[in-house]
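Below: the structure, in structure tokens.
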Amino acid sequence: MSMEIQNASKEHAPDLAHLINLAGEGMPEYLWRQLCEGNESPLEVGARRAATEEGSFSYLNGKVCIDEGEVLGMIISYRQPDPYDLSNIDDYPEIVKPLVRLEAKAPGSWYINALATYDRHRGKGAARRLIIHTEDQARLEGCQSMSIIVASENTRAKSLYGHLGYAVLSSLPVLKYPGCLHGGEWLLMTRSVF
Ligand SMILES: CC(C)(COP(=O)(O)OP(=O)(O)OC[C@H]1O[C@@H](n2cnc3c(N)ncnc32)[C@H](O)[C@@H]1OP(=O)(O)O)[C@@H](O)C(=O)NCCC(=O)NCCS
């Protein structure tokens, strides 16, 4: 095993879209479906957006874990604004609003917006390596804390973050949407890294 973490590139956009959708519990696919043009599939919309330099899900915010040329998993992360302005909250779809409200509770933190590994590569330590690499990146950028949002019913991800020192700071109920994998609550978990 010679896993390494690399910056994501435009060529990784299809992998990013697939994995962002896994990480987002199917919410990205539901939202991308409303942006399809012509015969485009929702995942093609996600890939198109990931290949641009605009928006949270841009490849510029991505790192991939690679082994022998194959993508095992990815992480999308960036620093949250401080202060975090919620004045445009009504512009977001209802199902996204709880996530934005939770994000706003960790202003200035380095936010892990999406993290996922392919099914066949689970349990190899890829997610743990991606998180640790991202924490190093956050420290280099002068950031003092990390944040991540996870569904309370996503026990595997929640336990991974707990073992890495993340603790629940706040929570809000999940607003169900078609294809929603987990109910319960969205948990904002944070960890200090200075
Ligand atoms: C959560 C997820 C990212 C973990 O990825 P991974 O590459 O398997 O993670 P790792 O190999 O680094 O191992 C993570 C933990 O799972 C444990 N684990 C390994 N194989 C396992 C298995 N078959 N079943 C349960 N846990 C297992 C590891 O021991 C490790 O435990 P730790 O908390 O003691 O470190 C992955 O399951 C995933 O992509 N899930 C779908 C998307 C998702 O839920 N993303 C998170 C959204 S917030």
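Numbers for residues simply follow the sequence, beginning at 1. Note that the structure is predicted; figures quoted are calculated from it, not measured. Order of appearance sets the numbers: ligands from 1, and atoms from 1 within every ligand.
The single protein non-hydrogen atom nearest to atom 48 (S) of ligand 1 is Tyr161 OH, 3.2 Å, given as residue, atom name and distance. For atom 4 (C) of ligand 1, the nearest non-hydrogen atom of the protein is Ala127 CB, 3.7 Å. Annotation: atom 47 (C) of ligand 1 to nearest protein heavy atom, Ala23 O, 3.6 Å. In this structure, atom 45 (N) of ligand 1 lies nearest to the protein heavy atom Leu115 O, 2.8 Å. Scanning the protein heavy atoms around atom 14 (C) of ligand 1, the nearest turns out to be Leu160 CD1, 3.5 Å.
Other residues, nucleotides and ligands contribute over 12 non-hydrogen atoms within 6.0 Å of the CD atom of Gln34. Heavy atoms of other residues, nucleotides or ligands lying less than 6.0 angstrom from NZ of Lys97 number more than 12. Around atom CD of Glu53, more than 12 heavy atoms belonging to other residues, nucleotides or ligands sit under 6.0 Å away.
The heavy atom nearest to atom 21 (C) of ligand 1, out of those in Arg122, Met189, Arg156, is found in Arg156. Around atom 39 (O) of ligand 1, the closest heavy atom drawn from Thr117, Ile20, Leu72 belongs to Thr117. In this structure, of Gly73, Ala151, Gly125, the residue bringing a heavy atom nearest to atom 11 (O) of ligand 1 is Gly125. By heavy-atom distance, the residue among His163, His182, Arg128 lying nearest atom 35 (O) of ligand 1 is Arg128.
Counting heavy atoms under 4.0 Å from ligand 1, residue Lys124 touches it through the backbone alone. When non-hydrogen atoms are compared, ligand 1 lies under 4.0 Å from neither the backbone nor the side chain of Trp186. When heavy-atom distances to ligand 1 are checked against a 4.0 Å cut-off, Asn154 comes that close only through its side chain, counted from C-beta outward. Contacts between Ile148 and ligand 1, counted as non-hydrogen atom pairs separated by less than 4.0 Å, are absent for every part of the residue.
Remark: ligand 1 atoms within the under-4.0 Å shell around heavy atoms of Leu22 are 42 (C). Set against the non-hydrogen atoms of Ile149, the atoms of ligand 1 under 4.0 Å away are 48 (S).
Ligand 1 lies nowhere less than 4.0 angstrom from a heavy atom belonging to Tyr118.
Checking side-chain atoms of Ser41 against main-chain N and O of Glu44 turns up a donor-acceptor pair under 3.5 Å. Lys63 places no side-chain N or O within 3.5 Å of a backbone atom of Ile5 that could act as its donor or acceptor partner. A donor-acceptor distance shorter than 3.5 angstrom exists from the side chain of Asp67 to the backbone of Ser2, with no hydrogens or angles considered.
The protein reaches atom 41 (C) of ligand 1 closely, with a heavy atom under 4.0 angstrom from it. Under the 4.0 angstrom criterion, atom 28 (C) of ligand 1 counts as lacking any protein heavy-atom contact.
Relative to the six-membered ring of Tyr30, Arg33 misses at least one condition, a distance below 6.0 Å or an angle of at most 45° to the axis.
Scored by the ring-ring contact (aromatic ring centres under 6.0 Å, His included) test, His12 finds no partners at all (sequence neighbours excluded).
Inspection of the Tyr118 and Glu70 side chains reveals no N or O donor paired with an N or O acceptor under 3.5 Å. No side-chain N or O of Thr52 forms a donor-acceptor pair with one of Glu54 less than 3.5 Å apart.
Inter-residue side-chain proximity for Ile131 and Leu160 is flagged as met; some heavy-atom pair is nearer than 4.5 Å.
Ligand 1 has no nitrogen or oxygen under 3.5 angstrom from a nitrogen or oxygen of Val150.
In this structure, NZ in Lys176 is found 11.0 Å from CE in Met27, a value given to the nearest 0.5 Å.
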